Amino acid sequence: MAARQPFTDLDTADEAVRSTCDDATTCKRYATSKGYWTDPYVQYFVRSVGERKAPEINRGYYARVQGMNHLLDAFLRKTKCDCQIVNLGAGLDTTFWRLKDENLMPRKYFEVDFPMIAARKIHNIKTKPPLSKPLIETHSTDSLLLDGHSLDSDRYCIIGADLRDIPGLDDKLKKFHLNPELPTLFLSECVLVYMTPDQSSKLVNWASVTFHTAMFVNYEQKERFLKTGWENADALDMMTVYSVIPQDDVARIERLEFLDEKELLQQLLQHYSICWATKDKLKLGTYGLEYCHKVYF
Ligand SMILES: C[S@@+](CC[C@H](N)C(=O)[O-])C[C@H]1O[C@@H](n2cnc3c(N)ncnc32)[C@H](O)[C@@H]1O
């Protein structure tokens, strides 16, 4: 039997990046267990609630999830769900199930992550009926593809790919019928930061040249998002997002846990932002910057 190749530094670095998926899911699991928002599905990816997280971390995740969902839901409503979503570096994110429950499903929801993460997610879906049932319900034929590294159904697709390999990514998405003619929303939540600026700008640029009517929403540290090839790009720091998401809900979550050091939360929120870039060849008028601002203000 051939000996396994020794780990290279690149393997180790990629492994560290993949482990951030568990960090994000564990924090979301904890925050939902405290009641910051409702997610009945995250428990099937991380069973245990895990160690306590500081209130400012929970509030930070709350703002991140609400902020991203706000733009996602607005895009779906404006396109009347006649669109596709591509979640880049989706990890163990549960948005597909939320959209199904809320009757807000796009024509097709795609997720991409490293093959190892995709395989883990698919394994969970295969073995947990609360995850597999909604998928089967939204699939009409007997052609459901569920192999080790990819899942393809009528409305949901998980692809194992490296986002730094653009030709490979493009090939796989085409193979699973991503349609460049359809209004498309790209989501990247804490993902581009794990690539070099050159790699992330190639990815953002690929999205811009491949789709004529699209929006790219990115949650990250400020100043990271590049405007490569997009007609418009703008950002709001998370402190601003926190102050404009529905304030009755903010008041509710602020009662959940006492936060001693308000400055800590402020510093944390100021460090991050939600950025978006848009292209609107179809002149649907729904993806302009003004529109995105209106979603929040
Ligand atoms: C911090 S996690 C965020 C996961 C998810 N977006 C969320 O917010 O819950 C970053 C994710 O990006 C993925 N990722 C980072 N670089 C990647 C690459 N080059 N190719 C594919 N996936 C990548 C990681 O595997 C991980 O799942």
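Every number for a ligand or one of its atoms is a count from 1 in the order of the listing. These figures come from a predicted structure and were not determined experimentally. These numbers come from the heavy atoms of this one structure, side chains and all, not from hydrogens, waters or symmetry mates.
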- Those atoms of ligand 1 less than 4.0 Å from some heavy atom in V17: 15 (C), 16 (N), 24 (C)

- Item | Where ligand 1 meets V191 - atom numbers and elements under 4.0 angstrom, heavy-atom basis | 12 (O)

- Examine the proximity of ligand 1 to Q199 and report which part, side chain or backbone, both or neither, has a heavy atom under 4.0 Å away. neither

- Message: Can you name the atoms of ligand 1, numbered from 1 with element, that are less than 4.0 Å from a heavy atom of A161?
- Response: 20 (N), 21 (C)

- Item | For G91, the ligand 1 atoms whose distance to one of its heavy atoms is below 4.0 Å | 27 (O)

- Query: With a 4.0 Å cut-off, would you call K202 and D198 a salt bridge?
  - Reply: yes

- Message: Measuring centre to centre across the rings, with the benzene-like ring taken for any Trp, is Y219 within less than 6.0 Å of Y272?
- Response: yes

- Any N or O of Y194 closer than 3.5 Å to N or O of ligand 1: no

- Which pairs pass salt bridge (charged side-chain N to carboxylate O under 4.0 Å, His left out) with one or both residues in residues 89-104, sequence neighbours excluded? K28-D93, D73-R98, R98-E102, K100-E137

- Is there any N or O on I117 that sits under 3.5 Å from an N or O of ligand 1? no

- Over 60° means perpendicular and under 30° means parallel, so classify the ring planes of Y109 and F96, tilted if in between. tilted

- Query: Should the proximity of S188 to ligand 1, defined as any heavy atom under 4.0 Å, be assigned to the side chain, the backbone, both, or neither?
  - Reply: neither

- Atoms in ligand 1 flagged as close to D162, the criterion being non-hydrogen separation under 4.0 Å: 18 (C), 19 (N), 20 (N)

- Task: Record the part of R64 in heavy-atom contact with ligand 1 below 4.0 Å; permitted values are side chain, backbone, both and neither.
- Result: side chain

- Between F211 and W230, is the ring centre distance below 6.0 Å? no

- Message: As an exercise, identify every atom of ligand 1 less than 4.0 angstrom from a heavy atom of A24.
- Response: 9 (O)

- Of all pairs that satisfy side chain to side chain donor-acceptor pair (under 3.5 Å), the ones with a partner from residues 174-183, not counting sequence neighbours: D170-K174, E181-H212

- Could you tell me the residue and atom name of the protein heavy atom closest to atom 9 (O) of ligand 1, and the distance to it rounded to 0.1 Å? K28 NZ, 2.9 Å

- Task: May I ask you to say whether E254 pairs ionically with R59, meaning some side-chain N is under 4.0 Å from a carboxylate O?
- Result: yes

